[in-house]
**Q** 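One structure, as structure tokens, below. Some questions next.
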Amino acid sequence: MKVPLGLALLLGTGLTAGPQQPTFSSRVEAVRVDVLVTDRGKAVTGLRPEDFEVKDEGVLQEIDLVQLDRVPLNVVLGLDVSESVNGERLEHLQSAGTSLLRGLQKDDRAALLTFSHAVRLRQELTPDIALVQETLADVVPAGLTSLVDGTYGAIALSGSDLGRSLLIVFSDGVDTASFLSPDVVLQ
């Protein structure tokens with residue numbers, strides 16, 4: 001069969017004329033779910049996959065592995081050192097931070113970020129908890145409170161390393177100087 005040349009070009013052009021949409025795909029090989037099972041305050045050991053039930057949007061999921069691990073913590077303390085926490089308030093905040101640090105285990109790490117009118121990383125994540133405690137004891141309050149900015153900085157720091165992150169912000173709760181909005185930090 002003979003096809004006129006003009007028609008063949010038109011058909012060829014028609015097949016490639018539209019813009020191509022990129023396609024992306026993804027899949028999840030595994031999801032880690034951390035759980036703590038206790039009986040009268042003591043960890044329950046010896047659990048097997050059949051001892052658990054996990055549902056995703058109502059659909060029962062297959063559990064392949066149950067493993068007893070202690071995953072180290074990366075604790076980031078965000079401490080308000082503005083003028084509004086001077087005196088007894090600061091002592092209470094420091095005491096609470098010290099109590100938390102004393103409860104950490106040998107593989108855990110801690111960091112200290114302070115905020116007033118400025119956000120400062122006083123101690124990066126370190127396994128030297130005593131160093132973080134010393135730094136915590138040496139803070140001097142001054143300036144306004146950038147609670148939202150300090151929280152944002154602590155969130156950014158807490159997600160920067162492997163391990164389970166725990167972020168605790170110690171403040172009197174009154175923001176007077178942040179340039180970020182709370183909505184930005186929540187996102």
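Everything quoted here is computed from the prediction, not taken from an experiment.
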**Q** CG/Leu131 to CG/Leu112 distance, rounded to the nearest 0.5 angstrom?
**A**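 It comes to 10.0 Å.
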
**Q** Between Ala137 and Gln94, which heavy-atom pair has the shortest distance, and what is it?
**A**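 That closest heavy-atom pairing would be O-NE2, 3.6 Å.
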
**Q** Rounded to the nearest 0.5 Å, what's the gap from CG on Asp108 to CG on Leu73? Could you check?
**A**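 Between Asp108 CG and Leu73 CG, I get 4.5 Å after rounding to 0.5 Å.
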
**Q** Hydrophobic clustering (ILVMFWY, side-chain heavy atoms < 4.5 Å, transitive) - are Val81 and Val174 grouped together?
**A**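 No, because Val174 and Val81 fall into different hydrophobic clusters, even though each may have its own neighbours under 4.5 Å.
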
**Q** Would you kindly say whether Asp138 and Thr135 are connected by a side-chain donor-acceptor distance under 3.5 Å?
**A**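 Side-chain D/A pair, Asp138 to Thr135: absent.
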
**Q** Compare all side-chain heavy atoms of Asp56 with those of Gln61 and state whether any distance is below 4.5 angstrom.
**A**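 With C-beta onward as the side chain, the pair touches.
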
**Q** Take atom CZ in Arg89; do more than 12 heavy atoms of anything else shown fall under 6.0 Å from it?
**A**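 It does not: Arg89 CZ has 12 such atoms or fewer within range.
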
**Q** For the residue pair Val169 and Leu167, establish whether any side-chain heavy-atom pair is separated by less than 4.5 Å.
**A**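 Contact flag for Val169/Leu167 side chains = yes.
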
**Q** I want to check something: taking the side chain as every heavy atom from C-beta on, are Asp149 and Phe179 in contact at a cut-off of under 4.5 Å?
**A**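 Yes, at least one pair of side-chain atoms sits under 4.5 Å.
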
**Q** Please answer: with hydrophobic residues joined when any side-chain heavy atoms are less than 4.5 Å apart, are Phe115 and Leu136 in the same cluster?
**A**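 No, Phe115 does not connect to Leu136 through the hydrophobic network.
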
**Q** Taking the side chain as C-beta and beyond, is there a heavy-atom pair between Val66 and Asp51 under 4.5 Å?
**A**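 The answer is no; the side chains never approach within 4.5 Å.
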
**Q** State whether a side-chain donor-acceptor pair under 3.5 Å links Thr145 with Asp175.
**A**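 No, no side-chain donor-acceptor contact under 3.5 Å.
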
**Q** Quick one: are Thr114 and Val139 in side-chain contact, heavy atoms under 4.5 Å?
**A**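 Yes, close enough: below the 4.5 Å cut-off.
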
**Q** Give the minimum heavy-atom separation between Ala110 and Leu104, together with the two atoms involved.
**A**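 So the minimum-distance heavy-atom pair works out to CB-CD1, 4.1 Å.
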
**Q** Side chains of Leu144 and Ser82: closer than 4.5 Å at any heavy-atom pair?
**A**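 In short, these two side chains do not touch, never coming nearer than 4.5 Å.
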
**Q** Flag yes if more than 12 heavy atoms outside Glu124 fall under 6.0 Å of its CD atom; otherwise flag no.
**A**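 Not more than 12 within 6.0 Å, no.
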
**Q** Just so I know, are the side chains of Leu60 and Glu53 near enough to count as touching, which here means a heavy-atom distance under 4.5 Å?
**A**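 In short, these two side chains touch, coming nearer than 4.5 Å.
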
**Q** Under a 4.5 Å side-chain heavy-atom rule over Ile, Leu, Val, Met, Phe, Trp and Tyr, are Leu90 and Val140 clustered together?
**A**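 No, it is not one cluster - the side chains of Leu90 and Val140 are not joined through contacts under 4.5 Å.
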
**Q** Hey, are the side chains of Tyr152 and Val119 touching, using non-hydrogen atoms and a 4.5 Å cut-off?
**A**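 Counting from C-beta outward, Tyr152 and Val119 never come under 4.5 Å.
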
